[in-house]
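Reminder, nothing fancy here: chain letters follow the sequence lines and each chain counts from 1. Just so you know, these numbers use all the heavy atoms, side chains as well, and skip hydrogens, waters and symmetry mates.
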Amino acid sequence: MCDPQSILHDRVREALVVAFGAEMADADPMVRPSDRADFQANVALGLSKRLKRPPRQIAEALVSSLRVEDVCERVEVSGPGFINLTLKNSFLGECSSQQLRDPRLLVSLSSQPETVVIDYSAPNVAKEMHVGHLRSTILGDALARILSSLGHHVIRQNHLGDWGTPFGMLIEHLVDLGEQRASEELGVGDLNKFYREARAKFEQDPSFADRSRLRVVQLQAGDEPTRVLWQRLVHESKRYFGEIYAQLDVSLTDEDVCGESFYNPMLADVAEELEQRGLATVDDGALCIFVPGFSSREGSALPLIVRKTDGGYGYAATDLAAVRHRVKTLGATRLLYVVGAPQRQHLSMVFSAATMAGWLCPPARAEHVEFGSVLGADGKMFKTRAGDTIKLSDLIQEGVERALAEVTLRFPELDDETRRRVARQVGVGALKYADLSNDRVKDYVFDFDRMLKFEGNTGGYIQYAHARCRSILRHARLRPEPGPIEIVHPAERTLALVSLRLGAVIHQVAETLQPHTLCSYLFELAGALSGFWHDCPVLKADSELVRDSRLRLVELTSRILDHGLGLLGIQAPERM
RNA sequence: GCGCCCGUAGCUCAGUUGGAUAGAGCAGCGGCCUUCUAAGCCGCGGGUCACUGGUUCGAAUCCAGUCGGGCGUGCCA
């Protein structure tokens, strides 16, 4: 392994021990990329109080104990006590060569692989997927790819909304339409129409409402004909969601579906266990858990309602059952919930309750991977002019169509099939990248024009950088033999330095669960590449030695871009 | 009322977990295509990091309060 930052980290720590004793081994050397040098170590400033010496003096003592002659060209103390570190070109070149030779691009596997359950997407049966599902689906899928790339055992869980009171009316509507008609309607993906019709009848026709309520009872009682009808609804919806996932290059399959109904048989047991432990008590007829620290509008304690007054189980029961199942049966130690920010309080209560019940205890822990809303250009929730939610399938279609227009304009000579394929990769990539490149905690403004412009921090810009690399490698005809990368030009330095940060960035994302850091990184890499194109001719380089070295750098960069986009669930076209 | 999240250039967003002079992209102005892809590159202008105080060598970042926006706040999921 030859990642300069971690090597310098280790060297500075060794110097700390030599200069100030073994008790300094726990201090973070704070080696960071710098604009004054390649890296800077900031540890001396923080140690000033602990060592009761001026930071500048500490830095100087540290530097005199620092053994980096083999890797650094220059080491200097600067300002109040920063240690600026500049790498030797030869060492940097050697690191880059190693990165190129390594199939993992110097991204180490996690030192503590664990089983991670990621709960994401979670659309509702017989309901259209909308922009809210977009964020959960795209974020969750990227995190799943990133964590499994580091060697974690990732279990995807699509917590489908396939149970609850609306299914009474949905089944009755299915009966009214006849299975044939219903299948057609659901099959073409017009789920909103189906749901709306059912809802309208439920509200206007009292006899239909009665039938619906009866149907819910039958469904919950396990009535076989009812169950068959319900299965029909679930099946058709799953087929439709599968099509959307395929269009989006989302890795979810039917195997990952574990809907609310799955936990149905466990709910009574969950309630009983909670009651036996004295955690849940009956209040106003409902079985409640009172988690300390939560209060209602009136100031009284806020309950987590496990079982409603009518005997039915609420979603808190399902969520608790899911925590128990994921820890005990699936063996997960990290539970991720890629769910919108408004669910924060609910999930926080569920996690606390599960902890109190003993179902969630170290090393197992749960994290709410919360995200903000998607807004329209007006800064309000992203909706159609009529105020309806926007169908995900329409969004994908428009993205691909807009991309196709661009690609057609740019490459009239490409054959139809290639053009359509590239347009799909670019359109879907733009959609996903726009979502992933924003800090998930904040709301973000959805804007087709901006995300498809391919200027700035967009998917298209990254894909374009990759395609240019591939183009040059194609033109080179002969692949360069494996060999050294010689760093001579400043633009090569920059490119190599950014390239070598890949591992640190991916591990950081695995920790913070913020994929936008990876996007920023790829954008920076693409920017470094631009500088390199500008200053460093590759195929027309002065010598064969330089040409081959630069070709290797181009190949390395293209692989990082491809891998990085891949981790985000975005394809990298060979040409565009 | 209470709780949580957010507030950075005209617009959309970063800011490596407290480090040096706060950065990109759009939009505006000015340069670059007989040169490996101009979907690109270079330069210029643009800031009281919502506000006030505090913590310390050092704050956009941490703490308290104020103002603004959003969300949540017992039987929908």
So, is A:K442 close to the B:A14 phosphate, meaning a side-chain N or O under 4.0 Å from OP1 or OP2? yes

Between B:U21, B:G19, B:A77, which one does the side chain of A:Y315 approach most closely? B:A77

Length of the CZ-C1' vector between A:F523 and B:G23, whole Å: 11 Å

Between A:I472 and A:Q514, the residue closer to the 5' end of RNA chain B by nearest nucleotide is A:Q514

Could you give the CE-to-C1' distance, from A:M576 to B:G40, as a whole number of Å? 12 Å

Would you kindly check whether a donor in the side chain of A:S48 faces an acceptor in the base of B:C57, or vice versa, at under 3.5 angstrom? no

Out of B:C13, B:C75, B:G19, which has the shortest distance to the side chain of A:D284? B:C75

To the nearest Å, how far apart are A:R36 CZ and B:U21 P? 7 Å

Remember a base hit wins even if backbone is also touched, and classify A:A341 as base, sugar-phosphate or nothing at under 4.0 Å, heavy atoms. nothing

Can you tell which of B:C6, B:A20, B:U37 lies closest to the side chain of A:S78? B:A20

Looking at every strand, decide which applies to A:S296 at a 4.0 Å heavy-atom threshold: base, sugar-phosphate, or nothing. base

What's the closest nucleotide to the A:D439 side chain, out of B:A14, B:C75, B:C36? B:A14

Checking all strands, does A:C469 fall into the base, sugar-phosphate, or nothing category for heavy-atom contacts under 4.0 angstrom? nothing

Is A:Y464 stacked on the base of B:G40, with ring centres under 5.5 Å apart and planes under 30° apart? no

OP1, OP2 of B:A77 versus side-chain N and O of A:H159: anything below 4.0 Å? no

Most 5' of A:R468 and A:G285 on RNA chain B, judged by nearest nucleotide: A:R468

Check A:R50 with A:D26, please: is the shortest side-chain N to carboxylate O separation under 4.0 Å? yes

Choosing from B:G74, B:A77, B:C57, which nucleotide comes nearest the side chain of A:P303? B:G74

Looking at every strand, decide which applies to A:S520 at a 4.0 Å heavy-atom threshold: base, sugar-phosphate, or nothing. sugar-phosphate

Under 4.0 Å, heavy atoms only, any strand: does A:Y461 hit a base, just the sugar-phosphate, or nothing? sugar-phosphate

Base, sugar-phosphate, or nothing for A:D283, non-hydrogen atoms under 4.0 angstrom? base

Return each pair, listed once, that meets salt bridge (charged side-chain N to carboxylate O under 4.0 Å, His left out) where at least one residue sits in residues 493-506 of chain A; pairs must be two or more places apart or across chains. A:D38-A:R493, A:R501-A:E524

Under 4.0 Å between a Lys/Arg side-chain N and an Asp/Glu carboxylate O for A:R470 and A:D562? no

How many Å lie between CZ on A:R32 and C1' on B:U61, as a whole number? 14 Å

What distance, rounded to whole Å, do you find between the two C1' atoms, one in B:C36 and one in B:A27? 32 Å

Testing A:R344, A:R440, A:Q343 for side chain to side chain donor-acceptor pair (under 3.5 Å) with A:E370, which one passes? A:R344

By the rule that syn is within 90° of 0, classify the base conformation of B:U17 as syn or anti. syn

Salt bridge present between A:R326 and A:D119 (N-O < 4.0 angstrom): yes

Please state how far atom CG in A:L529 lies from atom P in B:A38, giving the value in whole angstrom units. 12 Å

Have a look at A:Q343 and say if it touches a base, only the backbone sugar-phosphate, or nothing, with a 4.0 Å heavy-atom cut-off. base

Identify which nucleotide among B:U35, B:U16, B:U37 has an atom closest to any side-chain atom of A:K540, counting heavy atoms from C-beta outward. B:U35

With sugar-phosphate meaning primed atoms plus P, OP1 and OP2, does A:V445 contact a base, only sugar-phosphate, or nothing at under 4.0 Å between heavy atoms? sugar-phosphate

Hey, is the main chain of A:V441 close enough, under 3.5 Å, to the side chain of A:D439 for a donor-acceptor pair? yes

Of the options B:A38, B:C26, B:A14, whose atoms approach the side-chain atoms of A:E455 most closely? B:C26

Give one of base, sugar-phosphate or nothing for A:N84, where a contact means two heavy atoms less than 4.0 Å apart. base

B:U37 P sits how many Å from A:H466 NE2, rounded? 15 Å

Listed nucleotide nearest any side-chain atom of A:K308, set B:G40, B:U17, B:C75: B:C75

With a 4.0 Å cut-off on N to O distance, would you call A:E555 and A:R559 a salt bridge? no

With syn defined as a glycosidic torsion within 90 degrees of 0 and anti otherwise, which applies to B:C44? anti

Stems field, RNA chain B, Watson-Crick or wobble, 3.5 Å, at least 3 pairs, by first number, holds B:1-7 with B:67-73, B:10-13 with B:23-26, B:28-32 with B:40-44, B:50-54 with B:62-66

Kindly point out which of B:G40, B:C57, B:U37 is positioned nearest to the side chain of A:R575? B:U37

Atom CZ of A:F454 and atom P of B:U37 are separated, to the nearest Å, by 19 Å

Quick one: label A:T512 by what it contacts on the DNA or RNA (base, sugar-phosphate, nothing), any heavy atom closer than 4.0 Å. base

Of A:Y337, A:Y120, A:Y263, which meets ring pair (Phe, Tyr, Trp, His ring centres under 6.0 Å) against A:H159? A:Y263

Could you give the side-chain donor-acceptor pairs of residues 29-36 of chain A under 3.5 Å, partners two or more places apart or in another chain?
| residue | atom | partner | partner atom | Å |
| --- | --- | --- | --- | --- |
| A:S34 | OG | A:R36 | N | 2.9 |
| A:S34 | OG | A:A37 | N | 3.4 |
| A:S34 | OG | A:Q40 | OE1 | 2.7 |

Just call it for A:R297: base, sugar-phosphate, or nothing, with non-hydrogen atoms closer than 4.0 Å on any strand. base

Tell me which nucleotide among B:U73, B:A20, B:C41 gets nearest to the side chain of A:L302. B:U73

So, OP1 or OP2 of B:U37: does either fall under 4.0 Å of a side-chain N or O from A:S471? yes

State whether the distance check finds a donor on one side and an acceptor on the other, under 3.5 Å, for side chain A:E406 versus base B:A39. no

Whole-Å distance, A:N42 CG to B:U56 P, equals 20 Å

Using a heavy-atom cut-off of under 4.0 Å over every strand shown, decide if A:H346 touches base, sugar-phosphate, or nothing. nothing

Do the side chains of A:E203 and A:R199 get close enough for a salt bridge, i.e. N-O under 4.0 angstrom? yes

Regarding A:W163, tell me which of base, sugar-phosphate or nothing describes its non-hydrogen contacts under 4.0 Å with the strands shown. nothing

Classify the ring geometry between A:W230 and A:W163 as parallel (under 30°), tilted (30 to 60°) or perpendicular (over 60°). perpendicular

Under 4.0 Å, heavy atoms only, any strand: does A:Q40 hit a base, just the sugar-phosphate, or nothing? base

